[in-house]
Structure formats: structure tokens, C-alpha cells
Amino acid sequence: MYWRILLTLAKLRALSLLCVIVLSSLFSISTFAANSIDGIRVWPAPENTRIVFDVKEKPDYKYFTLSKPNRLVIDFSNTTNAVALKNLADNDPRVKLFRSSVKKGKTRLVLELSKSYQLTVFPLAPAGQYGHRLVIDLYDKASSKERTSKPKQSTGDIIIGIDAGHGGEDPGSIGGKGTYEKRVTLAIAKKLQKLINKEKGMKAVMIRTGDYHVDLNRRTSLAREKNVDFFVSVHADAFSTPVPSGASVWVVTKRRAESELSRWLVNREKKSELLGGGGGVIKNTSDSHLALALADMSKEHSLAVSFGVANNVIKEMKKITKMHKKTPQNGNFAVLKSSDIPSILVETGFISNHREEKNLTWSKHQQRLANAIHQGIKSHFLAHPLTGSYFASVGYKKHKVRSGESLSVLAKRYNTSMTKLKSINNLKSNSLRIGQTLKIPRTG
Ligand SMILES: [Zn+2]
């Protein structure tokens, strides 16, 4: 089936080539431009700027750089430009100005740059809502000093890396009403960031703060550089029909790519790759690849933490939204290798479901989702605080009351007082129920 399509495509291409030859012999005018630049997008990010040219046909281009002043010159052969260049660089710190000139059907674009940058240039074939594109990445030349992470100095804060899925050229899934996953994930991530930073003992690190693309390797290396203790990736699900709904929490392992749902997910994400990635980084933009890469770095301890948090997040999310899956979607322990950062991936709902698409764009619902994720993370780390963290000094252990245990027996056993136990647990009397769960102060 697949090959037949390819063959048909090849025939079509041969046919159209023939047409072009016939046409060009009919109109042997040297200014005949086969291609056109129909759109230019500029995506400034903290570490790079991505510039995307929409072109009608596969671009035929050459480029070179000049210094004093720094410029990038791109020549598009047989191409006209339909895009106004005047304000394109207004919000970008790296490109000062776009200008163009036309000569013999060739459009020359000159980008005046603030300084010299590390450069990648690559074309992308049509994908999703996009046609042919030429992508340029201008990367800041980071000194090796900046890139090496500082030794961890304990401030007592648990550092939570918040990763808003997708971004920039990669919209993620798109809802029926045109909602972009990348916007929903960023909105929820920002709300979560606020909640975490308000919480004594926790600090948020944003992996993405605006509408730009960060490739997967950089997402995880950023988390590592910022000494992240726990990594949460925020996404919204999608399906080919509007029926499925509900949230799910993934403890990311290779198993994900192997599960039934994931077969479809992989297809979706392949599309997503083409939307956002390119060149050497093309493999790194999607959920399933995130899962794979994180799985490669998983080890048992971090998996235990991941599961612990995932369970708590599900417990909180259940209160405010339908769950698509009631348990963490997981992982075959056997396929896990080793990871230093425990992680979860939260699919906050189905953007392909009409009702949930509406909810996901609703600020109040985004806030509820952020609250649930925050509470879930917090309750896990209160119950199992990291050594040396602030939570270790305020956290509680749990105790389930067994037959014959009284408040005074427990106070003695845990080296605390009855009054303290009563106040922590909001107890009005001294009587306990068998099976009742008590908080026990972690006096150390
Ligand atoms: Zn996603």
C-alpha cells in the first residue's frame, strides 16, 4: 500500500517535472520565478532564535555569513518574496533587521545580526498545517563555563522542573476549535510555577517560558543544569476521534511507546516532530521520544519517586477532572536503565474532545489542574521528604492506628506529646479509631 503511494507520487512528480520543462520552454523568460516566500516567522528563545520561511516549493537556497557587521545572507533561487520585512525583527534580540534584494529572479535576504551565532540551516518537508519550510537556528555561543552545572548547594528547597510541552513552530495537538496544545501547556505550567514558588520549601524552574521550541536534549540538560529534583512535563492528549476524554499521568518509560494507545501516539508524534524539529534535533520534540529518552535515564529510585508523585497527582486530579486512566501509565521496570531525575508526564485532558478543549482554555480549569499537580507533588515530598530539605523538618510520617494503641502509647513511641499529636491531627478527644491514619511529626 505504502509503496504503491510512493510510486504514484513518483509518477506525479515526473509528470509535473515534464510540465515545468514544457512551460519553461514556452516562456523562456529568465525572471520566471517558480518559488515564493509566503511567510516568515521569528521565534526568539532564551538561548536561540528560530527563523522559519514558508516557501511554496522545496527551497533552492545558498547561504553564507559576513562579519563587521555580522550578517547572514540567504539566496533563494527562482524565488519571489511576498512578505513585508519591516517589523519582523522588532521583538528579537539576535536579528536587528531583515532586508532583501532581487536579482535575476533570485531573492537575496540579508539578516543583520547583533553578533556572530552558531548557525544551523535546514529545509523541512510539508507536515501538518505547514507546507515547505526553510528553518534557521541562531544559537548563542555559550562559553563552556556557562554550560557546566554548578555543584548542588542545598538551600532546603525541592526544585521542581516544569516543562511546558511543545512550543514555537511545534503547536503540539490542535483541538477542533483551533486550540494549540503548546498554549494550554504553557498556561498551566505558569500557574503551577506560581503555586510552587509560593510554597515554602519548593522552587520552580521553568524549562520553557515563552512560545518557542526547546529540543528534548536541551529540556533534560536544562533540568540537570538547574539541579532539578523532580521533573513534570505538562501536555494535553489528543485522539483521532473526539470521543476519548480525561486526564492521565505517565511515569515515562519505554513501555509507553509499546502500549496500545502509544501506537497511535507514536504516529501523532511523528507528525509533531516534523512540525517542530529539524535536522539533527528532529527526533527530539515529541512525547513518545521524551518518554524514550527519559526511560533511558531511569533508575529504580527515581522510578519509585515518580510513581509516588504520579499516584498523588492522580488522587488530586480525580477531584477536579475525569481521569482517562486511574493509575499511573507506566513502565516495565525491566526496560528501565538509569535516571537521575524522577519525572512524570501529565496529560491534562483531551484537546480533541470538544468539552475538554473548552475546559483546557479556561483559566479557572487550568488553575485547578495546576493546583492538583502542585498538591500531588507536595504531598508526596511531605510524606517522603528529601534528606536535608525543608520538608524533612516539617513533614509528617503516617501511622495507621492498630488495636490496643492509644494516643499516649503513640506519643511515647514517636517521642512526642499527646497535645502535639492532637493538634496536628485536629483531634477533639483522646479516643482513636482502629484503622485511623494519624500524622506523626518528623522530629528526627
Ligand atoms: Zn504533547
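In each ligand, atom 1 is the first atom listed, and ligand 1 is the first ligand listed. Here the structure is a predicted model, which is why all the values come from computation and not from measurement. Residues: numbered from 1 along the sequence shown.
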| query | N/O/S atom of D237 under 2.8 Å from the Zn ion (ligand 1), yes or no? | reply | no

Atom name of the N, O or S atom of H235 nearest to the Zn ion (ligand 1) is ND1

Across all chains, not counting sequence neighbours, the side-chain contact (heavy atoms from CB on, under 4.5 Å) partners of I320 are R368, L369, A372

Just distance, no hydrogens or angles: give the donor-acceptor pairs under 3.5 Å from side chains in residues 116-124, sequence neighbours left out.
{"unit_1": "S116", "atom_1": "OG", "unit_2": "K141", "atom_2": "NZ", "d": "2.5"}

Here the N/O/S atom of E181 closest to the Zn ion (ligand 1) would be OE2

So CG of L109 and OG of S100: to nearest 0.5 Å the spacing works out to 5.5 Å

Is there a donor in the side chain of T49 and an acceptor in the side chain of D92, or the other way round, less than 3.5 Å apart?
-> yes

